[in-house]
Undergrad: 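Mind looking over this structure? Questions follow.
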Amino acid sequence: MECTLEQSGAVGVLKIAGDLTVITSGALKSALMNSLEKVDHLVLDLEGVGEVDLSCLQLLCSAHRTSARLNKQLTVANSRPEAFRQAVAAAGYGRHIGCSFDTYRNCIWLGGNG
């Protein structure tokens, strides 16, 4: 897995490529936390993502909650690979409303299929 942060002022785009599995979850967590420290709005670009498992979905959910607690935003770019959408659906993460932590109303699971 590779992560690259492109920052423009208070907004950053974290481009993630490769598999998001338990094997890469430590590196993903570090990339998310380091990026959230640098920007007020972090956009995840998942276009280059391959395999996705539940551990990384849980990590993304936790990062979204952390961003809300820090009064920051974490969103996902519109282009979501099929493997990501399938993992979200299989895990039952698709939502129609955000959780109570979703202060900006930008839950990453909204729309029912991630």
Undergrad: Evaluate the side-chain contact (heavy atoms from CB on, under 4.5 Å) criterion for residues Leu60 and Val76: first the C-alpha distance (whole Å), next the side-chain angles of each, then the deciding distance (0.1 Å), finally the verdict.
TA: CA-CA 10 Å; Leu60 292 174; Val76 178; over 6 Å; no
Undergrad: Is it the case that atom CG in Leu5 sees more than 12 heavy atoms from other parts of the structure closer than 6.0 Å?
TA: yes
Undergrad: For the residue pair Leu32 and Leu44, establish whether any side-chain heavy-atom pair is separated by less than 4.5 Å.
TA: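 They are in side-chain contact.
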Undergrad: Drop me the distance from Lys15's NZ to Glu2's CD, to the nearest 0.5 angstrom.
TA: 12.5 Å
Undergrad: Evaluate the side-chain proximity of Val39 to Gln7: yes if any heavy-atom separation is below 4.5 Å, no if none is.
TA: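 Gln7 reaches Val39 side chain to side chain.
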Undergrad: Please report the interatomic distance OG(Ser67) to CG(Asp40), rounded to the nearest 0.5 Å.
TA: 11.0 Å
Undergrad: Under a 4.5 Å cut-off applied to non-hydrogen side-chain atoms, are Leu46 and Pro81 in contact?
TA: yes
Undergrad: Take atom NZ of Lys72 as the centre, draw a 6.0 Å sphere, and report whether it contains more than 12 heavy atoms from other residues, nucleotides or ligands.
TA: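 Atom NZ in Lys72 is packed in, count exceeds 12.
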Undergrad: With rounding to the nearest 0.5 Å, note down the distance linking OG in Ser62 to CZ in Arg69.
TA: 7.5 Å
Undergrad: Would you compute the distance between atom CG of Leu54 and atom OG1 of Thr21 and round it to the nearest 0.5 angstrom?
TA: 12.0 Å
Undergrad: Can you confirm whether Leu36 sits close enough to Met33 that some side-chain heavy atom of one is under 4.5 Å from a side-chain heavy atom of the other?
TA: yes
Undergrad: Closest approach of Gly50 and Ala83, non-hydrogen atoms and distance?
TA: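 Shortest heavy-atom contact: O-CB, 3.1 Å.
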Undergrad: Can you find a heavy atom in the side chain of Asp53 that is under 4.5 Å from one in the side chain of Asp19?
TA: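 A side-chain contact is absent here, since even the closest heavy-atom pair is not under 4.5 Å.
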Undergrad: Can you name the nearest heavy-atom pair linking Leu20 to Cys56, along with the distance?
TA: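 For Leu20 and Cys56, the tightest heavy-atom pair comes out as C-SG, 3.3 Å.
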Undergrad: Are more than 12 heavy atoms, taken from residues, nucleotides or ligands other than Gln58, located less than 6.0 Å from that residue's CD atom?
TA: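 Enclosed: over 12 neighbouring heavy atoms sit under 6.0 Å from CD of Gln58.
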Undergrad: In chain order, what residues pass the salt bridge (charged side-chain N to carboxylate O under 4.0 Å, His left out) check against Glu37, with sequence neighbours excluded?
TA: none
Undergrad: Taking all heavy atoms of Ser25 and all of Leu59, pick out the closest pair and write down the distance.
TA: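 That would be O-CD2, 3.3 Å.
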Undergrad: Say you draw a straight line from CE of Met1 to CD1 of Ile23; how long is it, rounded to the nearest 0.5 Å?
TA: 12.0 Å
Undergrad: Which heavy atom of Leu74 sits nearest to which heavy atom of His64, and what is that distance?
TA: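 Heavy atoms only, the tightest pair is O-CD2, 3.2 Å.
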Undergrad: Same cluster or not: are Val52 and Val43 linked, directly or through other Ile, Leu, Val, Met, Phe, Trp or Tyr residues, by side-chain heavy atoms under 4.5 angstrom apart?
TA: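 Unlinked, Val52 and Val43 end up in two clusters.
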Undergrad: As an exercise, state the distance from CD1 of Ile16 to OG1 of Thr4, rounded to the nearest 0.5 Å.
TA: 9.5 Å
